[in-house]
Amino acid sequence: MRATALGLIFCTAALPCLAQTVLKSEPLVLAPYEIAFVQDASCPAGKVLKVTGAIRGLNRKKVCVTLGLEQATLSAATP
């Protein structure tokens with residue numbers, strides 16, 4: 001019973017973390033393998049730029065991907 005209650009509490013706390021934040025500009029600092037979603041003009045309508053951080057000396061990986069409305073929220077982040 002305790003494990004079930006603990007599992008329900010954990011799931012309730014983890015649900016808000018499932019949504020991805022879409023930034024308006026690419027962050028200057030991005031940890032290796034960290035992912036940021038950016039809304040900019042480099043991708044066609046309905047898609048966002050998925051930027052994956054890289055280790056020192058390598059370029060970041062950038063790919064246009066489609067996100068559903070339930071997966072993303074637009075954030076007013078500053079660069």
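Residues take their numbers from the sequence shown, with the count starting at 1. Note that these values count all heavy atoms, side chains included, but never hydrogens, waters or copies made by symmetry.
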- Run the side-chain contact (heavy atoms from CB on, under 4.5 Å) check on Asp40 and Glu26 step by step: do they pass? CA-CA 9 Å; Asp40 64 355; Glu26 188 175 336; 5.8 Å; no
Would you indicate whether the side-chain heavy atoms of [Y] and [X] approach each other to under 4.5 Å?
X     : Y     : value
Phe37 : Val51 : no
Lys24 : Val38 : no
Arg60 : Leu30 : yes

Would you name the heavy atoms of [X] and [Y] that are closest together and state the gap between them?
X     : Y     : value
Ser42 : Leu49 : OG-CD2, 4.0 Å
Tyr33 : Thr52 : CA-CG2, 4.0 Å
Ala36 : Pro27 : CB-CG, 4.1 Å

- Once you round to the nearest 0.5 Å, how far does CG of Leu23 lie from CD of Gln39? 10.5 Å
